[in-house]
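A quick write-up on the structure given underneath.
Computed from a predicted structure; not experimentally measured. Chain identifiers are assigned alphabetically (A, B, ...) following the order of the sequence lines, protein sequences preceding nucleic acid strands; residue numbering begins at 1 within each chain.
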Amino acid sequence: MPIHNAECAAVFAEIGDMLEIQGANPFRVRAYRNAARTIGDYGRDIPTMIANGDDLGKIPSIGADLASKLREIAATGTCELQQTLRHALPGAIVALLDVPGLGAKRVKALHDALHVDSLEQLRAEAKSGHVRELPGFGAKTEAHLIEAIDDRLQREPQRFLLPDAAHALTPLLERLRAVAGVGKAVPAGSFRRRRETVGDLDILVTARDAAAVADAFVGYGDVARVLAHGKTRSSAMLANGLQVDLRVVDADAFGAALVYFTGSKAHNIALRRIAQAGGLKINEYGVFRGDERIAGATEASVYAAIGLHEVPPELREDRGEVDASRAGTLPALVERKHLHGDLHAHTDVSAGRDGLRAMAAAARARGLAYLAVTDRVPPGDGARGGFEWLARQLDDIDRVNATFDDFVLLKGVEAGIREDGSLDVPDAMLGRLDLVVGAVRDGFDLPRGVQTDRMLRAMDHSHFTILAHPTGRMLGERDACELDVPRVLAQAAARGCFVELDAQPRRLDLPDVWCREAAKAGVPVAIGSDACSADELDNLAFGVDQARRGWLTRHDVLNTRTLAQLRPLLARTMGGGKRSRSKGA
DNA sequence: GCCGTTTTCGGCCCGACTGTTTTCAGTCG
């Protein structure tokens, strides 16, 4: 298995878990976990950096020791410390930490006293009543463990796509807002940060009577199990397996609670360290100097109290936003209203359900000035067919365009990229189009170098505008393909073509960290709805969320251009100036 | 184990809820 950042991060995460179970210095444990998180979403491939002789010490949370371990892991896939720890403890034991209610101390106690090192074994010991005998455990804990393990064995912990989470959230928020005395009821957590998937939902409520809100919450019809039910904090599992955490605060603490509850955890820790250095304390009730509360009603007041500009929720991941906020260099993030058009959509000619006219009307109704029609070769038409379908569609587009004076359908195609890097649409057809969206649709498991070369060759084609859904990932279904993204971005920059951020909520492809790298590489990102129906043009909003997580400004996004600004950029990719290099030369 | 507009040593975020205790440890977010 090739070693990349994810593998390095996994080694550090396991070391952190093992050290914690062993009772090591908690700050050492945190150092490994911080490093795992940093590396996991670091924008450059660490083994490649090592091969290039780059200085790993520049990576935040990586010091001399962890840098040397990274070199070891890059070379061997493991490191001596990991092996030593696995010798002392069964490697599988870290899975026990994932059981709700089990932390390092209890896992160690279970291992020491009962030699438990697997879920099945723990369940058997709990069933036979041995767990309740241990100090610190009791009958209730034992019963909860059995329940939690049965849950886990039945159903893998699941992450939810944003629209699915929203679907569960909306009626619950309505119920809470209907409780007497409730002011605000808003989502927080990773949902508010617009992470591509959420593991649970966090809801923040302001109310005079906190207990009434908590009661309404745990009494919600969709609640399958109540996990905690306190005065200000409650937690429940919904029937679909989604956990929801509720926090109720006074209105004058709303801002502080929203910062705290929006996270991320790493962002909060960074804020608190800054506060601490200035002799202040931040908690979910406000910012305090001694006993004096100096801020808390709004998020802006909390950030201002510690000398920062308010950070947009999408950036709160401890990826440099705190420094940028202090320096006043936070990016002015792109917004949905900045988009003038959409550069990836299907009609009923291929993958879509709605016709050309319906798509045009829907795009126009959404305030867009242009929509690129980018159908694929219809099934059964065969890549070697005559492409009459496309010729007919181009004529049809002309007819539709003649009916508008404030809106344009652009002529495009979603060309498949074959394994040799060629496109499945002939040049003669491509030459009649405004843009070509190229997409890999098979062979996702090619080795990294082969996959990368395939895409680079496709981008080198004399008609190639946008690399669609570059990593091919399908959230929860298919991992990103092995791809040297920096090379792809460098090529796009050199050729003057573009990469897509596919806005389908199950794709959101480019991933956020690569969006940021695209901007650094000077490659505009095309946010494409990839809509298969008129309704799905609304996907654009998910794409904008993801773009914001990737620090993209209006300038970094291709389709914030007006049609007049866009046309010459597209033309350059269609043999109109980009090509100075003859094929095979 | 990392890190430094007080520091290369001595710090390292903060509070709620539960269960097992008899004043608090463990876990979680």
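- Only the C1' atoms considered, B:dT18 is 15 Å distant from B:dT23, to the nearest whole Å.
- At whole-Å resolution of the value, CG in A:D318 and C1' in B:dC2 are 13 Å apart.
- Nearest nucleotide to the side chain of A:H229, out of B:dT18, B:dG15, B:dG1: B:dT18.
- A close approach under 4.0 Å does occur between a side-chain nitrogen or oxygen of A:Q276 and OP1 or OP2 of B:dC14.
- When the side-chain nitrogen and oxygen atoms of A:T232 are compared with OP1 and OP2 of B:dC17, one or more of them lie within a distance under 4.0 Å.
- At a threshold of 4.0 angstrom between heavy atoms, the contacts of A:D65 are confined to the sugar-phosphate backbone, with no base atom among them.
- Distance from the side chain of A:N283 is smallest for B:dG15 among the nucleotides B:dC13, B:dC17, B:dG15.
- There is no side-chain donor-acceptor pair under 3.5 Å between A:S190 and A:R195.
- If you check every strand for non-hydrogen atoms under 4.0 Å, A:P100 touches sugar and phosphate atoms only.
- Using a 4.0 Å heavy-atom cutoff across all strands shown, A:R247 reaches sugar-phosphate atoms only and no base atom.
- Side-chain atoms of A:K140 lie closest to B:dT20 of the nucleotides B:dT20, B:dG29, B:dG15.
- A side-chain donor-acceptor contact under 3.5 Å links A:T262 and A:R192.
- If you check the side chains of A:H267 and A:E321, you find a donor sitting under 3.5 Å from an acceptor.
- Side-chain proximity of A:L66 to the nucleotides B:dA16, B:dG1, B:dC13 is greatest for B:dG1.
- Here, B:dA16 and B:dT5 have their C1' atoms 36 Å apart, quoted to the whole Å.
- In this entry B:dG26 has B:dC17 as its Watson-Crick or G-U wobble partner, both defining distances falling under 3.5 Å.
- When distances are taken from the side chain of A:A31 to each of B:dG1, B:dG15, B:dT27, the shortest belongs to B:dG1.
- Rounding to whole angstrom units, NZ of residue A:K265 and C1' of B:dT27 are separated by 10 Å.
- Checked by atom type, the side-chain pair A:Q82/A:T78 shows a donor-acceptor distance below 3.5 Å.
- For A:Y260 against B:dG29, a side-chain-to-base donor-acceptor contact under 3.5 Å is present.
- Distance from the side chain of A:Y285 is smallest to B:dG15 among B:dG15, B:dG1, B:dC12.
- Here B:dC17 presents its P atom at 13 Å from CZ of A:F217, a figure rounded to the nearest Å.
- Here the separation of B:dG19 from B:dG11, taken at their P atoms, is 37 Å to the nearest Å.
- Among the atoms of the strands shown, none is found under 4.0 Å from any heavy atom of A:V249.
- Between A:R273 and B:dC3 there is no side-chain N or O to OP1 or OP2 distance below 4.0 Å.
- Among the heavy atoms of the strands, none lies under 4.0 Å from A:A257.
- At the heavy-atom level, A:K108 lies nowhere under 4.0 Å from the strands shown.
- The CG-P distance, from A:L145 to B:dC28, rounds to 10 Å in whole Å.
- Atom C1' of B:dC13 sits at a distance of 12 Å from the matching atom of B:dG29, rounded to the whole Å.
- Residue contacts shown for A:I282 are limited to sugar-phosphate atoms, with no base heavy atom under 4.0 Å away.
- Closest-nucleotide positions on DNA chain B for A:P135 and A:N25 were compared, and the one nearer the 5' end corresponds to A:N25.
- Distance check on atom C1': B:dT7 versus B:dC12 gives 13 Å, rounded to whole Å.
- Note on A:P26: nothing from the nucleic acid sits closer than 4.0 angstrom, heavy atoms only.
- Checking B:dC3, B:dG29, B:dC12 against every side-chain atom of A:D200, the shortest atom distance belongs to B:dG29.
- When only modelled atom types and interatomic distance are considered, A:D45 and A:H4 share a side-chain donor-acceptor pair under 3.5 Å.
- Remark: P of B:dC2 and CG of A:L19 are 12 Å apart, rounded to the nearest angstrom.
- Computed from coordinates, the A:F261 CZ to B:dC14 P distance equals 19 Å when rounded to whole Å.
- Partner A:E196 forms a side-chain hydrogen bond (donor to acceptor under 3.5 Å, both in side chains) with one of A:R159, A:R507, A:R473 and no other, that one being A:R473.
- Counting only heavy atoms from C-beta on, A:E284 has its side chain closest to B:dA16 among B:dG1, B:dG26, B:dA16.
- As a whole-Å value, the separation of A:L70 CG from B:dG1 C1' is 13 Å.
- Set against B:dG1, B:dC17, B:dC13, the side chain of A:R233 has B:dC17 as its closest nucleotide.
- Remark: A:R44 is not positioned above the aromatic ring of A:Y42, lacking an NZ or CZ atom under 6.0 angstrom from the ring centre and at most 45 degrees off the axis.
- Using a 4.0 Å heavy-atom criterion, one finds that A:R106 contacts the sugar-phosphate atoms exclusively.
- In terms of position along DNA chain B, the nucleotide closest to A:L134 lies nearer the 5' end than the nucleotide closest to the other residue of the pair A:D98 and A:L134.
- If you check B:dA16, B:dC12, B:dG19 against the side chain of A:T141, the one that comes closest is B:dG19.
- The distance between atom CG of A:L271 and atom C1' of B:dG15, rounded to the nearest whole Å, is 16 Å.
- Inspection of the A:N5 and A:E7 side chains reveals no N or O donor paired with an N or O acceptor under 3.5 Å.
- Between B:dT8 and B:dC14, the two P atoms lie 23 Å apart (nearest whole Å).
- A sub-4.0 Å separation between OP1 or OP2 of B:dC13 and a side-chain N or O of A:R272 is absent.
- If you check every strand for non-hydrogen atoms under 4.0 Å, A:E20 touches nothing.
- One P atom belongs to B:dT20, the other to B:dA25, and the distance between them is 16 Å to the nearest Å.
- Using a 4.0 Å heavy-atom criterion, one finds that A:F137 contacts the sugar-phosphate atoms exclusively.
- Using a 4.0 Å heavy-atom distance criterion, A:N34 is classed as making no nucleic acid contact.
- Under the 6.0 Å distance and 45° angle rule, A:R33 does not count as a cation-pi partner of A:F12.
- Nucleic acid contact class of A:A104 (heavy atoms, under 4.0 Å, all strands): sugar-phosphate only.
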